[in-house]
K.L.:
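Sharing a structure with you now.
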Amino acid sequence: MTKIITIDGPSGSGKGSVSRLLAKTLGFSYLDSGALYRLLSIAASRHQVVSNNQKGLKSLAEHMDIRFETDDEGGLIALLEGEDVTLEMRTENTGELASKIAGHSDVRSALLKRQRLFATGEGLVADGRDMGTVIFPAADLKIYLTASIDERARRRYKELLEKGEDVSLRALAEQVRARDERDMSRDVSPLVPAEDAIELDTSNLSIEEVLETILDFKRF
Ligand code: DC
């Protein structure tokens with residue numbers, strides 16, 4: 001049986017970096033479920049499927065041609081219909097659109113099947129919003145990461161600056177807050193900790209400290 005560790009939390013909580021590092025440390029595969037929603041939103045723009053066209057989005061979610069590879073530093077490379085869309089995938093605009101289309105139940109159930117296919121081999125670290133509640137409810141270890149809005153906005157700010165995106169910290173804090181609200185208040189699979197998740201506030205912790213804490217919880 002594939003061992004599964006789920007890491008859920010809002011954007012900027014550190015789940016992406018920690019999950020990648022955790023997967024590498026344990027030799028497990030890694031599912032960045034947000035990347036699927038992000039790729040779907042890019043595919044929707046390319047194919048002119050608007051964000052309220054549930055049927056069109058569902059069909060795209062079922063059939064879109066996506067592939068993930070890893071670069072030399074262990075970063076994720078995303079290919080949509082054979083084209084490298086990694087940079088476009090990480091922009092704030094793509095994240096916004098992803099958060100909007102993630103509210104459609106048909107989209108979520110189409111992506112549910114694709115996400116579960118990642119659970120092969122020895123182990124999987126799955127990062128997202130509903131990994132422990134909906135996609136892998138029987139996971140071996142469930143972690144829910146949080147951090148203050150200010151700290152999460154600061155992290156995103158640093159990340160985007162490094163990528164050359166021109167953003168204001170204050171506007172970013174507002175975007176983070178609005179995205180939290182949308183992700184936490186939607187009807188289908190809202191962002192909430194699973195009942196059996198271990199909650200960890202990462203505001204004052206380094207990625208390495210979060211990793212060590214999670215490894216301490218691992219009992220398999
Ligand atoms: O983790 P992220 O920022 O890459 O995710 C982008 C958006 O996708 C997020 O705002 C909500 C949606 N999402 C989701 O609804 N469920 C997931 N498991 C992962 C992401």
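No experiment lies behind these values; they were computed from the predicted model shown. Note that ligands are numbered from 1 as they come in the structure, with each ligand's atoms numbered from 1 the same way.
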K.L.:
Is the closest basic N to carboxylate O distance between Arg170 and Glu174 below 4.0 Å?
P.N.:
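No, this pair does not count.
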K.L.:
How far is atom 9 (C) of ligand 1 from its nearest protein heavy atom, and which residue and atom is that?
P.N.:
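Minimum-distance protein heavy atom for atom 9 (C) of ligand 1 reads Arg129 NH2, 3.3 Å.
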K.L.:
Step by step, work out the side chain to side chain donor-acceptor pair (under 3.5 Å) result for Thr202 and Arg155.
P.N.:
CA-CA 11 Å; Thr202 70; Arg155 290 175 186 170; 3.1 Å; yes
K.L.:
Which atoms of ligand 1 have any heavy atom of Asp183 under 4.0 Å away?
P.N.:
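Near Asp183, meaning under 4.0 Å from one of its heavy atoms, ligand 1 has 9 (C), 10 (O), 11 (C).
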K.L.:
Which residue and non-hydrogen atom of the protein lie closest to atom 12 (C) of ligand 1, and at what distance in Å?
P.N.:
Ala102 CB, 3.7 Å
K.L.:
Out of all atoms in ligand 1, which are within 4.0 Å of some heavy atom of Gly128? Include the element for each.
P.N.:
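Counting from 1, the qualifying ligand atoms are 18 (N).
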K.L.:
Do the side chains of Glu83 and Arg67 get close enough for a salt bridge, i.e. N-O under 4.0 angstrom?
P.N.:
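Salt bridge absent between Glu83 and Arg67.
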K.L.:
Any donor-acceptor pair under 3.5 Å linking the side-chain atoms of Thr86 with those of Asp84?
P.N.:
yes
K.L.:
Could an N or O of ligand 1 be found under 3.5 Å from any N or O of Gln115, whether backbone or side chain?
P.N.:
no
K.L.:
Of the protein's non-hydrogen atoms, which lies at the shortest distance from atom 6 (C) of ligand 1, and what is that distance?
P.N.:
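Answer, as residue, atom name and distance: Arg179 NH1, 3.6 Å.
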K.L.:
With a distance cut-off below 6.0 Å to the six-membered ring centre and an angular limit of 45° from the axis, does Lys218 pair with Phe220 as a cation-pi contact?
P.N.:
yes
K.L.:
Can you tell me which residue and heavy atom of the protein come closest to atom 19 (C) of ligand 1, and the distance to 0.1 Å?
P.N.:
Ser33 OG, 3.4 Å
K.L.:
N/O to N/O below 3.5 Å, does that happen between Ser11 and ligand 1?
P.N.:
no
K.L.:
Do the side chains of Asp150 and Arg156 get close enough for a salt bridge, i.e. N-O under 4.0 angstrom?
P.N.:
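No, Asp150 and Arg156 are not salt-bridged.
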K.L.:
Out of all atoms in ligand 1, which are within 4.0 Å of some heavy atom of Gly34? Include the element for each.
P.N.:
4 (O), 5 (O), 19 (C), 20 (C)
K.L.:
Would you call Arg129-Asp8 a salt bridge at under 4.0 Å N-O?
P.N.:
no
K.L.:
Can you find an N or O of Arg186 that's nearer than 3.5 Å to an N or O of ligand 1?
P.N.:
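Between Arg186 and ligand 1, an N or O pair is found under 3.5 Å apart.
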K.L.:
To the nearest 0.1 Å, how far is atom 8 (O) of ligand 1 from its closest protein heavy atom, and which atom is that?
P.N.:
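Protein heavy atom with the smallest distance to atom 8 (O) of ligand 1: Tyr37 CB, 3.5 Å.
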K.L.:
State the atoms of ligand 1, each with its element, that fall below the 4.0 Å cut-off from a heavy-atom position in Lys15.
P.N.:
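Those atoms are 1 (O).
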K.L.:
Name the closest protein heavy atom to atom 16 (N) of ligand 1, giving the residue it belongs to and the distance to 0.1 Å.
P.N.:
Arg108 NH2, 2.9 Å
K.L.:
Which bit of Arg182 gets closer than 4.0 Å to ligand 1, counting heavy atoms only: side chain, backbone, both or neither?
P.N.:
neither
K.L.:
Evaluate side chain to side chain donor-acceptor pair (under 3.5 Å) for Ser99 paired with Arg182, printing each intermediate quantity in order.
P.N.:
CA-CA 7 Å; Ser99 168; Arg182 193 181 308 116; 2.7 Å; yes
K.L.:
Can you tell whether the side chains of Arg108 and Asp130 come within less than 4.0 Å, N to carboxylate O?
P.N.:
yes
K.L.:
Can you find an N or O of Asp32 that's nearer than 3.5 Å to an N or O of ligand 1?
P.N.:
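No, Asp32 has no N/O under 3.5 Å of an N/O on ligand 1.
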K.L.:
Are Phe136 and Leu31 packed together at the side-chain level, in the sense that at least one heavy-atom pair is separated by less than 4.5 angstrom?
P.N.:
yes
K.L.:
Provide, to 0.1 Å, the distance between atom 3 (O) of ligand 1 and the closest protein heavy atom, together with that atom's residue and name.
P.N.:
Arg38 NH2, 3.0 Å
